[in-house]
Amino acid sequence: MIINKEDFNKVQSLTKDFYNRDTVQVAKDLLGCLLVFNSSEDIAGGVIVETEAYTQKGDPACHTARGMTPRNKVMFGPPGYAYVYFTYGIHYCFNAVTNTEGVGDAVLIRALQPEIGIPLMQKRRGRERLKDLCSGPAKLVQALGMSKEQNGADLTNSNVRILPGWEKQPEMVTTTRIGIKEGAELPLRFYVKDSPYISKK
DNA sequence: GACCAGATTGTCT
DNA sequence: GACAATCTGGTCA
């Protein structure tokens, strides 16, 4: 499970085919996978324990619900790329573009279980406790050291990658999404049951 | 633990 | 000009 900077380019990422599927299914399957960022300092990453699906069709909370803009154009591109956006004046959030090119879907990564480069993440976050490092979409972006420069990055062939993680699919809980107004009642949030690293119960 | 306000700027109407 | 897929630190209990 633990990989180092030298191994980063050797490990097999999830393929484009993984992302080119129904968005809800990808959101579920991403639980237990390993998100890793190879920054200039060192690599850092963790196991995905919480996701949310955002679909263009029938979802008013999705950034692409009202068509393409300069900000969300990555979501309309081919699947398997990173969509990183800026919000609340201070925070970034990380998504994986899913479904077929042109649709406008993505999966928001909401929380990680820290695995790789923990000391570096502790330093970046200014927090010691593991459950404070990546238990929220803006926290994990900060812990991994990502920014808007990762917007549009190829998740199968760049500094940001998602790898197969746990062999067994974890027990999963489905609930409603967090931090949105419209579409808040839709059951599109998924997390690993009993994980202490999720953002909120 | 629960609840609340402040931060702070890119993006869209 | 309004608001945002959030986090933090404060108060009160």
Side-chain angles (χ1 to χ4, degrees), chain A residues 19 22-28 30-31 35 37 44 46 48-77 79 81-99 103-114 121-153 155 160 162 173-192 194-201:
Chain A
Y19 301 99
D22 176 69
T23 302
V24 171
Q25 193 59 49
V26 175
K28 292 177 181 174
L30 278 174
L31 294 179
L35 172 63
F37 178 49
I48 297 168
V49 292
E50 182 178 348
T51 62
E52 283 179 4
Y54 284 87
T55 61
Q56 195 276 338
K57 190 183 170 201
D59 181 2
C62 185
H63 282 180
T64 55
R66 289 171 199 78
M68 190 170 358
T69 67
R71 173 163 86 146
N72 66 27
K73 67 169 190 278
V74 174
M75 283 181 71
F76 286 100
Y81 285 78
Y83 170 51
V84 180
Y85 68 89
F86 184 74
T87 191
Y88 290 104
I90 30 187
H91 297 302
Y92 293 101
C93 297
F94 176 88
N95 300 247
V97 177
T98 60
N99 215 323
V103 172
D105 285 9
V107 172
L108 171 69
I109 310 300
R110 287 194 56 89
L112 304 179
Q113 172 178 317
M121 295 198 283
Q122 287 171 325
K123 181 182 141 209
R124 284 178 176 143
R125 291 273 306 125
R127 292 286 188 285
E128 290 293 321
R129 301 208 323 253
L130 292 188
K131 51 193 296 191
D132 290 336
L133 295 182
C134 300
S135 55
K139 293 182 189 176
L140 87 250
V141 167
Q142 189 191 6
L144 267 53
M146 295 194 290
S147 70
K148 61 174 183 245
E149 288 171 29
Q150 274 64 54
N151 189 37
L155 294 177
V160 199
I162 302 179
V173 180
T174 302
T175 51
T176 53
R177 294 173 297 181
I178 290 179
I180 53 174
K181 284 184 181 171
E182 298 179 289
E185 75 286 355
L186 297 171
L188 295 173
R189 173 173 176 242
F190 312 99
Y191 64 86
V192 175
D194 298 327
S195 172
Y197 301 106
I198 62 172
S199 63
K200 198 183 165 206
K201 278 203 166 168

Answer yes if the side chains of Lys139(A) and Ser135(A) hold a donor-acceptor pair under 3.5 Å, and no otherwise.
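Lys139(A) vs Ser135(A): donor-acceptor pair found between side chains.
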Strictly by modelled atom types, are Arg127(A) and Gln122(A) linked by a side-chain donor-acceptor pair under 3.5 Å?
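Short answer, no.
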For atom CD of Glu185(A), is the number of surrounding heavy atoms from other residues, nucleotides or ligands below 6.0 Å larger than 12?
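Enclosed.
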Can you see which heavy atom on [X] is nearest to which on [Y], and at what distance?
| X | Y | value |
| --- | --- | --- |
| Val26(A) | Val107(A) | CG1-CG2, 4.4 Å |
| Ala143(A) | Arg125(A) | CB-CG, 3.7 Å |
| Leu30(A) | Ile48(A) | O-CB, 3.5 Å |
| Gln150(A) | Ala82(A) | O-CB, 3.4 Å |

Any side-chain heavy-atom pair of Thr55(A) and Cys62(A) under 4.5 Å
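Heavy-atom side-chain distance check fails, nothing below 4.5 Å.
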Just so I know, are the side chains of Asn95(A) and Val84(A) near enough to count as touching, which here means a heavy-atom distance under 4.5 Å?
no
Step by step, would you call Arg177(A) with Glu52(A) a salt bridge (Lys or Arg N to Asp or Glu O under 4.0 Å)?
CA-CA 7 Å; Arg177(A) 294 173 297 181; Glu52(A) 283 179 4; 5.1 Å; no
In Watson-Crick or G-U wobble terms, with both distances under 3.5 Å, the base opposite dA2(B) is dT11(C)
Taking a pair to mean Watson-Crick or G-U wobble geometry with both distances below 3.5 Å, dT8(B) pairs with none
Rounded interatomic separation in angstrom, taking [atom1] from [X] and [atom2] from [N]:
| X | N | atom1 | atom2 | value |
| --- | --- | --- | --- | --- |
| Tyr54(A) | dA4(C) | OH | P | 12 Å |
| Arg129(A) | dT8(C) | CZ | P | 11 Å |
| Phe94(A) | dT6(C) | CZ | P | 16 Å |
| Lys200(A) | dC7(C) | NZ | P | 11 Å |

For nucleotides 6-13 of chain B, read 5' to 3', which letter fits each nucleotide if B means a protein heavy atom sits under 4.0 Å from the base, S means only the sugar-phosphate is that close, and - means neither?
-BBBSSS-
Return the OH to CG distance between Tyr85(A) and Asn72(A), rounded to the nearest 0.5 Å.
12.0 Å
Residues of residues 175-186 of chain A with any non-hydrogen atom less than 4.0 angstrom from an atom of DNA chain C: list those, numerically ordered, please.
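Under 4.0 Å from DNA chain C: Ile178(A), Gly179(A), Ile180(A), Lys181(A).
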Which of residues 134-143 of chain A sit near DNA chain C, with a heavy atom under 4.0 Å from it?
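Correct list: Gly136(A), Pro137(A), Ala138(A), Lys139(A).
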What N/O pairs connect the protein and nucleotides 9-12 of chain C at under 3.5 Å? Give each pair on its own line.
from	atom 1	to	atom 2	distance (Å)
dG9(C)	OP2	Arg127(A)	NH2	2.9

Listed partners of Arg189(A) passing salt bridge (charged side-chain N to carboxylate O under 4.0 Å, His left out), at least two apart
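With sequence neighbours excluded, Arg189(A) shows a salt bridge (charged side-chain N to carboxylate O under 4.0 Å, His left out) to Glu50(A), given in chain and number order.
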Can you name the residues that form a ring-ring contact (aromatic ring centres under 6.0 Å, His included) with Phe86(A), not counting sequence neighbours?
Tyr92(A)
